[in-house]
Undergrad: 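First the structure, which I've put down as structure tokens, then a few questions once you've had a look.
In each ligand, atom 1 is the first atom listed, and ligand 1 is the first ligand listed.
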Amino acid sequence: MHLLIVEDDDAVAAALTEAVATAGHQVQRLSRGADALLNHQQAQMILLDLGLPDIDGLEVLRKLRQVTEVPIVILSARDDERSIVRGLRLGADDYLTKPVGLAVLLARIEAVARRSRTARTESAAITVGSLSLDLERRTATLADRELKLTAKEYELLALLARHAGTVVTREQILDALWGDAFVAVSRSLDVHLTGLRSKLVVPGMIVNVRGVGYRLEAS
Ligand code: CA
């Protein structure tokens, strides 16, 4: 599993990295909250410290939860009930207080991973009305006609199709396609959206939900 450790203390980060690497996981370590917001896309689980130098970890958690369902385990020295409850309510999958025994940490990581595997049901194909996507071959057909999409248009369509019938926010799209939900690159989103819409031909498939985002409707 690809684990992202967000921890500003070098000694703690080194011990954590060694422990999870020994258990066979790939580890990336970042020490700032802002870096975590920009570099979480490859992570299959995030270990998140709360006392970070730039942004409070709970705020990092809140922002991550706007864009990703990746399992997040808080590992913090804050052991008061209020912090723990806030962390879990904001969407952390587990909350461990420092110091934590490394064996316990690894067992908790495994338990969270097991739960998220059970919850995850993504299949390799998505069908929305007459639209079909083969996520492994990266092809899309509409009424049996193959769509000629650019890479970004395909990613955009796949993201909307995964959440068909529900709104995907602009932040979620920017994060998934550009890895950056919180700095504006939104002009290029509009360009890709226009391109995708013209290739879908069917008007109204991508519904604009004003001020929120977009929703793909079955045609
Ligand atoms: Ca810290």
Undergrad: Report, as a single number, the protein N, O or S atoms less than 3.0 Å from the Ca ion (ligand 1).
TA: 3
Undergrad: Between Ile46 and Val73, is any pair of side-chain heavy atoms under 4.5 Å apart?
TA: no
Undergrad: Do Leu149 and Val168 belong together in a cluster built from hydrophobic side chains that touch within less than 4.5 Å?
TA: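 In one cluster with Leu149: Val168, yes.
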Undergrad: Would you indicate whether the side-chain heavy atoms of Ile109 and Met45 approach each other to under 4.5 Å?
TA: yes
Undergrad: Which one of Tyr214, Tyr154, Trp178 satisfies the ring pair (Phe, Tyr, Trp, His ring centres under 6.0 Å) criterion with His192?
TA: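 Passing option: Trp178.
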Undergrad: Sequence neighbours excluded, which residues qualify as salt bridge (charged side-chain N to carboxylate O under 4.0 Å, His left out) partners of Arg197?
TA: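 For Arg197, no residue satisfies salt bridge (charged side-chain N to carboxylate O under 4.0 Å, His left out) once neighbours in sequence are set aside.
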Undergrad: For the residue pair Gln66 and Asp175, confirm or rule out a side-chain donor-acceptor distance under 3.5 Å.
TA: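 There is no such pair between these side chains.
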